[in-house]
Visitor: 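Handing you this structure, nothing more for now.
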Amino acid sequence: MTYLTVQWKGKKLPIDFSKEAMNYGIDNWTSVVTLNALLIRCSAASGVPVEFIKLLKSGDPYYSNDNVSKNWWENIVDFWNDTINDLTDATTQTGSFVMMKDPNLTLARYGITEGSKIVMLGDKPENYRVPGTSSTSYQDTQLNQTREVPEPQQQPAYVDPEISLIQKLEAILNSVRQTTVPLIESYSTLVSNVVSQHDSGVEELSTTPKNLKDSHSKCSELLMQSLLKIDGVAAGEFERARTKRKEAVKTIQMLMDRVDGLKSKVDEVLKERNLL
């Protein structure tokens with residue numbers, strides 16, 4: 001029996017090429033069988049679609065089946081993460097690992113023989129299914145190379161970057177109007193009641209200094225967070241976005257001034273009552 005062993009996520013996938021070895025000869029079959037054929041059989045054995053598979057070959061004899069370790073597999077994964085975005089040639093090599101990329105080349109061109117160490121990288125996307133096929137027929141379809149190609153998805157509509165920036169700023173202001181402004185109004189009511197009670201000579205105020213302090217702190221904190229969000233919107237050279245950003249900053253600063261003004265009124269009352 002002639003087969004190649006493919007290492008995948010800690011598993012060993014035996015890929016049988018006995019038929020090819022019988023038809024083309026034990027010493028010649030790798031000169032006929034292409035990388036694409038190996039990809040298709042790896043897909044059948046793992047359930048991972050061909051387009052999500054990358055195969056690496058180790059040229060270092062140290063990496064025998066008995067010497068494969070978890071750390072070695074993690075190093076392979078690190079290598080994949082470092083090189084996936086820079087694939088340009090038929091192979092990419094680093095150290096003793098060669099990534100095989102041209103599916104039309106024969107296995108012999110990659111130096112693969114029976115007993116070569118091959119590593120597979122790839123995972124099946126969640127809920128992936130080829131259009132017009134069932135999950136049980138997918139592997140058969142892969143093997144026959146008659147898999148339907150999914151229709152290209154419609155490209156999202158173009159969004160003006162300046163409009164996008166303005167929308168971000170407006171979203172921040174809307175959040176302030178819906179969450180922070182109502183808290184400021186509640187704080188204003190508390191302050192008005194305290195001042196009125198103090199002017200009327202009421203001995204015990206309807207709220208405590210701690211409640212007044214906590215209300216002020218909450219309003220100030222939310223306003224500061226909103227100001228930081230606005231500051232994070234880089235308007236750049238977009239004039240309308242820059243104008244909107246300035247307006248947003250001015251709105252927040254006005255609310256901050258209002259909150260600080262209310263605190264000053266509270267402080268005066270508390271000082272006169274020796275509660276500050």
Side-chain angles (χ1 to χ4, degrees), residues 1-126 128 130 135 138-147 149:
M1 178 177 258
T2 302
Y3 65 90
L4 298 175
T5 299
V6 177
Q7 186 81 16
W8 177 59
K9 300 176 71 172
K11 303 176 183 178
K12 296 179 181 178
L13 306 179
I15 308 300
D16 187 10
F17 282 102
S18 298
K19 183 177 180 180
E20 286 76 7
M22 182 179 298
N23 291 338
Y24 303 113
I26 192 68
D27 297 324
N28 298 320
W29 67 273
T30 58
S31 298
V32 179
V33 177
T34 63
L35 176 63
N36 188 57
L38 177 57
L39 287 167
I40 291 173
R41 298 197 182 188
C42 287
S43 175
S46 64
V48 179
V50 168
E51 59 266 35
F52 295 101
I53 294 177
K54 295 295 178 183
L55 295 177
L56 288 78
K57 172 184 174 293
S58 172
D60 191 332
Y62 170 79
Y63 297 107
S64 64
N65 289 342
D66 296 333
N67 289 328
V68 175
S69 66
K70 180 178 180 181
N71 289 335
W72 181 72
W73 174 251
E74 291 174 348
N75 290 334
I76 287 287
V77 174
D78 290 340
F79 161 66
W80 165 244
N81 290 333
D82 291 339
T83 60
I84 182 61
N85 294 320
D86 298 312
L87 307 182
T88 54
D89 303 322
T91 62
T92 297
Q93 183 166 0
T94 177
S96 58
F97 306 119
V98 176
M99 181 174 292
M100 301 176 287
K101 295 180 293 181
D102 189 343
N104 297 317
L105 294 182
T106 64
L107 299 183
R109 289 287 299 275
Y110 288 111
I112 293 178
T113 60
E114 185 176 7
S116 292
K117 170 55 62 180
I118 302 172
V119 173
M120 170 179 155
L121 301 174
D123 282 297
K124 182 177 180 180
E126 186 177 358
Y128 179 89
V130 178
S135 58
Y138 173 68
Q139 292 184 1
D140 293 336
T141 306
Q142 280 285 329
L143 289 172
N144 294 326
Q145 295 184 291
T146 59
R147 178 173 53 83
V149 178

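What you are looking at is a predicted structure, and each value in this text was computed from that prediction instead of being measured.
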Visitor: Going from CG on L35 to CZ on R109, what distance comes out if it is rounded to the nearest 0.5 angstrom?
Guide: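 Between L35 CG and R109 CZ, I get 12.0 Å after rounding to 0.5 Å.
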Visitor: What is the distance from atom CG of N36 to atom CG of L107, rounded to the nearest 0.5 Å?
Guide: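 So the gap between those two atoms works out to 10.5 Å.
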Visitor: Could you please spell out the steps behind the side-chain contact (heavy atoms from CB on, under 4.5 Å) verdict for K57 and I112?
Guide: CA-CA 8 Å; K57 172 184 174 293; I112 293 178; 3.8 Å; yes
Visitor: As a quick check of understanding, evaluate side-chain contact (heavy atoms from CB on, under 4.5 Å) for L38 and F17, giving each step before the final call.
Guide: CA-CA 9 Å; L38 177 57; F17 282 102; 3.9 Å; yes
Visitor: Only one of I118, L56, L39 passes side-chain contact (heavy atoms from CB on, under 4.5 Å) with M100; say which it is.
Guide: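 The option that passes is I118.
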Visitor: Any donor and acceptor pair, going by atom type alone, linking the side chain of Y110 with main-chain N or O of D102 inside 3.5 Å?
Guide: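 Checking the backbone N and O of D102 against the side chain of Y110, a donor-acceptor pair under 3.5 Å is found.
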Visitor: Could you pull out the closest heavy-atom pair between G111 and S116, with the gap in Å?
Guide: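 Heavy atoms only, the tightest pair is O-OG, 3.9 Å.
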Visitor: Side chains of D16 and S18: any donor to acceptor distance under 3.5 Å?
Guide: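 Side chains of S18 and D16: pair found under 3.5 Å.
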Visitor: Can you tell me how far CD1 of I15 sits from SG of C42, rounded to the nearest 0.5 angstrom?
Guide: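 Between atom SG of C42 and atom CD1 of I15 there are 4.5 Å.
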Visitor: Is a side-chain donor or acceptor of T5 paired with a backbone partner of P14 at a separation under 3.5 angstrom?
Guide: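 No.
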Visitor: Please assess K12 against Q7 for the test side-chain contact (heavy atoms from CB on, under 4.5 Å), listing each intermediate value before the final yes or no.
Guide: CA-CA 5 Å; K12 296 179 181 178; Q7 186 81 16; 3.5 Å; yes
Visitor: Which heavy atom in T106 sits nearest to a heavy atom in S31, and how many Å separate them?
Guide: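 Shortest heavy-atom contact: CG2-O, 3.2 Å.
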Visitor: Do R41 and V6 pass the side-chain contact (heavy atoms from CB on, under 4.5 Å) test, and can you show the C-alpha distance, the side-chain angles, and the key distance before you say yes or no?
Guide: CA-CA 10 Å; R41 298 197 182 188; V6 177; over 6 Å; no
Visitor: What is the distance from atom OG1 of T113 to atom CG of D27, rounded to the nearest 0.5 Å?
Guide: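 With rounding to 0.5 Å, OG1 (T113) is 10.5 Å from CG (D27).
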